[in-house]
Amino acid sequence: MDCVRAEDAYTSRLGYEEHIPGQTRDWNEELQTTRELPRKNLPERLLRERAIFKVHSDFTAAATRGAMAVIDGNVMAINPSEETKMQMFIWNNIFFSLGFDVRDHYKDFGGDVAAYVAPTNDLNGVRTYNAVDVEGLYTLGTVVVDYRGYRVTAQSIIPGILERDQEQSVIYGSIDFGKTVVSHPRYLELLERTSRPLKILRHRVLNDRDEEVELCSSVECKGIIGNDGRHYILDLLRTFPPDLNFLPVPGEELPEECTRAGFPRAHRHKLCCLRQELVDAFVEHRYLLFMKLAALQLMQQKASKVENPTSLENGGLSPSESKPEDPLGSEVGSQEEGGSASGLAKVKELAETIASDDGTADPRSREVIRNACKAVGSISSTAFDIRFNPDIFSPGVRFPESCQDEVRDQKQLLKDAAAFLLSCQIPGLVKDCTDHAVLPMDGATLAEVMRQRGINMRYLGKVLDLVLRSPARDQLDHIYKIGIGELITRSAKHIFKTYLQGVELSGLSAAISHFLNCFLSSYPNPVAHLPADELLSKKRNKRRKNRPPGAAGDTAWAVMTPQELWKNICQEAKNYFDFSLECDSVDQAVETYGLQKITLLREISLKTGIQILLKEYSFDSRHKPAFTEEDVLNIFPVVKHVNPKASDAFHFFQSGQAKVQQGFLKEGCELINEALNLFNNVYGAMHVEICACLRLLARLHYIMGDYAEALSNQQKAVLMSERVMGIEHPNTIQEYMHLALYCFASSQLSTALSLLYRARYLMLLVFGEDHPEMALLDNNIGLVLHGVMEYDLSLRFLENALAVSTKYHGPKALKVALSHHLVARVYESKAEFRSALQHEKEGYTIYKTQLGEDHEKTKESSEYLKCLTQQAVALQRTMNEIYRNGSSANIPPLKFTAPSMASVLEQLNVINGILFIPLSQKDLENLKAEVARRHQLQEASKNRDKAEEPMATEPEPAGASEDVGSQPQAAKDPSSPSLQG
């Protein structure tokens, strides 16, 4: 095939929808111009965000198609004479490079492995700088595409960069990892504005001539002024500080928490960074420490009868939001005030007084703040301010003699951050899982939960070790299973990547089906079907130039065996995750860890982009392999890109959540409706955040009694979740459950049941039976079946839910008591009073021990027990009468209670976390008075805020006066009790 013609054909065929034929789009110009749009008021910001989102989406789509064309060999390289690994491509005004170590650029960092990781680190940097959004500082459009075992980085092109040498272009940073370093005052000024939100320290390094050069980023970050006069930054792969747990440095000792856990461990590359979430959490943790230390010192000063510092009488308490030092920490501070309020309040005021430096603070108070700053590693001695130097421990970077103290402190800070990850974040994650505060259902949701806490996936082995050693090991069974599945599929993905690189295009489906057979099929010796000879190129000696980079000429992939693959998977798990898998075949893995093959198939397909035929696969057959060539339909690219945010809409959404959590449902509903309009305005009709909005709106309408509106919104949420997240995504499963509840409330019983069965089927596919969420699902199904008088079937589901709840929450949990009560009600309907009494007694015992004799739940249970006993006695009398008098007995008709729909719906609400609290008139008046008092306090603090902050330019959206940042979990499900008289 003539590659030039292939390229021509491809471009002309590509997208009349994209651009007028003959005119390609100037992506860089479009991306940068949209960022320059004005943003002073809401309409302008909406217009800007919509334009940014649209251009990013188009760019990502074009870059993905281009990357596939490059790997499929349909694009000519701009340096065709060089080896395939080193080739670069330009197509549709986008620059493509491959994830290989070209010209030994990453030789000191791990070669090809580092070159493979660098693009994703760079993308994270681009994402972060885009989020900070400093005017005048520009980043490149960046998309990272994994396709057929190769990693392709697609970037927009800086105007003029191709005409000149990189050495001449770079006016800030270093092109050789710190040997020659240059700086530029305009770049320092622009990057200084990002240093506070990104916690980056402005620092000095030495260049090759031993001159001091000042930087405000890592040395690799390059500054280039394009021909359009814009200041671009690129190569942001070390935006965040290094992770010392995976970077052994000779002569440096890590804290005890790290060494105990077996760190530092040498990783495959030296580009391991801490996540931004971890840096933020660490700074927040340090801020709390700072407040406590200072409060303690102030108390000690007071206790030793020293005259009170004058600053404490100065003015009222400033609200935490106006504190200039650290917007993130302030939130934690404000939450902490409940404990030792007066001490912390004084510290906060004192810190502000000293920071404003108006000379009113007395020397002793200054000393308190200075000591606290020093203890937590703040770079300023008058205010809390923690920043990291991203160049510490970079090979090849040298620091001037005058900065040795600062470098020592920075090294210590990095060690503390590495220890913080192991001693706080990972145990915190395991605790949250034990308390069921987070409920991952599959590998992707587990990864998301880890990343939210700033834990990289390379710590997965450590997380699993901690789960194994946890005293509540049984309650973490689901986490362990998901973790092991994730560990196996990630290790398999690493192997699959290199496996695919040796495969010709014509042999793709044969190779993938052979890999899947080795990975999942019980068939002992699967044989690969090699593609027919005529499909392979005839001219073996004159190989085409546009072959996939680095492909092996032979069919090495065909000789893989299941034993070899599983041996490699175990080895990979040990090397990468430091976890020992005890299995040498898929059947052993399934047996040892209780995994499902279908779940493993789903996980590996999602991670690698394989599309397979929808049918029942017989994994366990030992007579024929599970997969054939025809089963592999396609392989898709896995794409990583920047997600532009709709910031105003998000503020409205958070304010709405805050209102809902305070019980103002109507106001919350209005704010969320407004957020929905703004999201639609920016993103168009389909987006994951619109889905969250619709779910919350449906929930609110349901609570306020408008079932039809709830149903309508939830239906949209379900459709959107299926389209945006995927039909079997855990999120979609939960949307089905909510929809089923609203259908039941609207008397659509068969629809509700169908939806719940669908959710249960998907849950079995994604995880299997034994998951805490399955208990909720089975309770829902059991209740609906009870409502339609299918008692035997209902009991099967409710008793399964009871068993699962008992396992995961412990036999004494309130959820288990509720489960016992639900089972008892069905037995009552079946007139099996002995079993009903037995279950209700269990429930009563739990309520009594957990809540005490006088709690209403205990009393309710006690009443129900009496009622059951009376019915049992009545039944027994009737039975005795029949035994005595035979068929002539005079029997009064027995009263069997068929459940009313209202009572079933009430129980459904309870298990789904919706509680209606009946309030007396007196309660309502007290509540109103409390709300009014809080509102006055807020108004007062807001007025003081305005007086102190004349510089505020961003108008806050209506109703966003609450501290909305402190409600992150509500985005998932605002199941807090709603107040309704």
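Only this structure's heavy atoms are used, side chains among them; waters, hydrogens and symmetry mates stay out.
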Whether Arg453 and Glu277 form a salt bridge (side-chain N of Lys/Arg under 4.0 Å from carboxylate O of Asp/Glu) is what I want to check. no
Is Ser829 close to His786 at the side-chain level, that is, under 4.5 Å between some pair of heavy atoms? yes
Not counting sequence neighbours, which residues clear side chain to side chain contact (heavy atoms under 4.5 Å, CB included) with Lys815? List them please. His809
Between Thr751 and Ser754, is any side-chain donor less than 3.5 angstrom from a side-chain acceptor? no
If we ignore hydrogens and angles and just use 3.5 Å, is the side chain of Gln596 paired with the main-chain N or O of Leu764 as donor and acceptor? yes
So Phe579 and Ile484, do their side chains get closer than 4.5 Å, heavy atoms only? yes
Counting distance only, does the side-chain N/O of Thr445 pair as donor-acceptor with the main-chain N or O of Pro440 below 3.5 Å? no
When you measure from the side chain of Thr732 to the backbone of Gly726, do you find a donor-acceptor pair of N or O atoms at a distance under 3.5 Å? yes
Will you find, in the side chains of Tyr864 and Glu828, an N or O donor that is under 3.5 Å from an N or O acceptor? yes
If you round to the nearest 0.5 Å, how far is SG of Cys691 from CZ of Arg723? 12.5 Å
Return each pair, listed once, that meets side chain to side chain donor-acceptor pair (under 3.5 Å) where at least one residue sits in residues 461-472; pairs must be two or more places apart or across chains. Lys462-Asp578
Counting the benzene-type ring for Trp, do His478 and Phe767 have ring centres under 6.0 Å apart? no
All side-chain hydrogen bond (donor to acceptor under 3.5 Å, both in side chains) counterparts of Asp706, not counting sequence neighbours: none
Check: Glu486 main-chain N/O paired with Thr489 side-chain donor or acceptor under 3.5 Å: yes
From Asn673 CG over to Asn713 CG, what is the distance, rounded to the nearest 0.5 angstrom? 7.5 Å
Listed by chain and number, what are the ring pair (Phe, Tyr, Trp, His ring centres under 6.0 Å) partners of Phe679, not counting sequence neighbours? Tyr683
Can you find a heavy atom in the side chain of Leu765 that is under 4.5 Å from one in the side chain of Thr599? no
Crowding at CE, Met686 (>12 non-hydrogen neighbours, <6.0 Å): yes
Has the side chain of Thr849 got a donor or acceptor atom that lies under 3.5 Å from a matching backbone atom of Thr845? yes
side-chain hydrogen bond (donor to acceptor under 3.5 Å, both in side chains) against Asp854, all qualifying residues, sequence neighbours excluded: none
Would a distance-only check, ignoring hydrogens and angles, find a side-chain to backbone donor-acceptor pair under 3.5 Å from Ser862 to Thr858? no
Determine, stepwise, if the pair Tyr617 / Phe627 fulfils ring pair (Phe, Tyr, Trp, His ring centres under 6.0 Å). CA-CA 7 Å; Tyr617 289 98; Phe627 299 92; 4.8 Å; yes
Evaluate the side-chain proximity of Met441 to His729: yes if any heavy-atom separation is below 4.5 Å, no if none is. no
Looking at residues at least two apart in the chain, or sitting in another chain, which of them share a ring pair (Phe, Tyr, Trp, His ring centres under 6.0 Å) with Tyr593? none
Is a side-chain N or O of Ser585 found less than 3.5 angstrom from the main chain of Gln588, in a donor-acceptor match? yes
Any side-chain to backbone donor/acceptor pair from Gln850 onto Lys812? Under 3.5 Å, distance only. yes
Those residues at least two apart in sequence (or on a different chain) that pass side-chain hydrogen bond (donor to acceptor under 3.5 Å, both in side chains) with Glu603 are Lys607
With a 4.0 Å cut-off, would you call Asp435 and Lys431 a salt bridge? yes
When you check the gap from the basic side-chain N to the acidic O, do Arg451 and Glu448 get nearer than 4.0 Å? no
Just how far is it from atom CD1 of Ile781 to atom CG of Leu776, taken to the nearest 0.5 Å? 10.0 Å
Stepwise salt bridge (charged side-chain N to carboxylate O under 4.0 Å, His left out) test for Glu769 and Arg760: CA-CA 9 Å; Glu769 277 284 358; Arg760 193 175 202 281; 3.0 Å; yes
Tell me, please, which residues at least two apart from Arg473 pass side chain to side chain contact (heavy atoms under 4.5 Å, CB included). Leu468, Asp477, Tyr480
Polar side chain donor-acceptor pair, Ser861 to Glu840, under 3.5 angstrom: yes
Side-chain contact test, heavy atoms from C-beta onward, threshold under 4.5 Å: evaluate it for Leu908 versus Asn780 and give yes or no. yes
Ile911 CD1 to Leu783 CG distance, which is reported to the nearest 0.5 Å: 5.0 Å
Can you tell me how far the CG atom of Leu741 sits from the CG atom of Asn909, to the nearest 0.5 Å? 5.5 Å
Side-chain touch Ile598/Leu520, heavy atoms, less than 4.5 angstrom: no
How would you list, by chain and number, every residue that makes a salt bridge (Lys or Arg N to Asp or Glu O under 4.0 Å) with Glu832, sequence neighbours excluded? Lys830
Does a donor on one side chain sit under 3.5 Å from an acceptor on the other, for Ser522 and Lys597? yes
Residues Phe744 and Ala752: closest non-hydrogen pair is N-CB, 3.9 Å
Just wondering, do Asp778 and Val804 contact through their side chains at under 4.5 Å, heavy atoms? no
Distance-only polar pair, side chains of Gln734 and Glu773, donor-acceptor under 3.5 Å: yes
Does CD in Glu591 sit with more than 12 non-hydrogen atoms of other residues, nucleotides or ligands closer than 6.0 Å? no
Taking atom types as modelled, is there a side-chain donor on Asn731 or Arg695 under 3.5 Å from an acceptor on the other? yes
Check the pair Tyr847, His820 against side chain to side chain contact (heavy atoms under 4.5 Å, CB included), reporting the backbone distance first and the verdict last. CA-CA 11 Å; Tyr847 283 134; His820 278 300; over 6 Å; no
Within the structure provided, determine whether His701 and Cys669 are in side-chain contact (heavy-atom separation under 4.5 Å). yes
side-chain hydrogen bond (donor to acceptor under 3.5 Å, both in side chains), that's the test. Do Tyr736 and Gln714 meet it? Break it down for me. CA-CA 9 Å; Tyr736 280 136; Gln714 189 57 33; over 6 Å; no
With Ser746 via side chain to side chain contact (heavy atoms under 4.5 Å, CB included) - residues at least two apart: Tyr707, Leu711, Gln748
Ignoring hydrogens and geometry, is there a side-chain-to-backbone donor-acceptor pair from Ser712 to Ala708 under 3.5 Å? no
Residues that Phe797 engages under ring pair (Phe, Tyr, Trp, His ring centres under 6.0 Å), provided they are two or more places apart: none
Distance (rounded to the nearest 0.5 Å) between Leu601 CG and Phe519 CZ: 9.0 Å
Has Ser794 got a side-chain atom pairing as donor or acceptor with Glu790's backbone, closer than 3.5 angstrom? no
Could you work out, with side-chain hydrogen bond (donor to acceptor under 3.5 Å, both in side chains) as the rule, every residue matching His771, not counting sequence neighbours? none
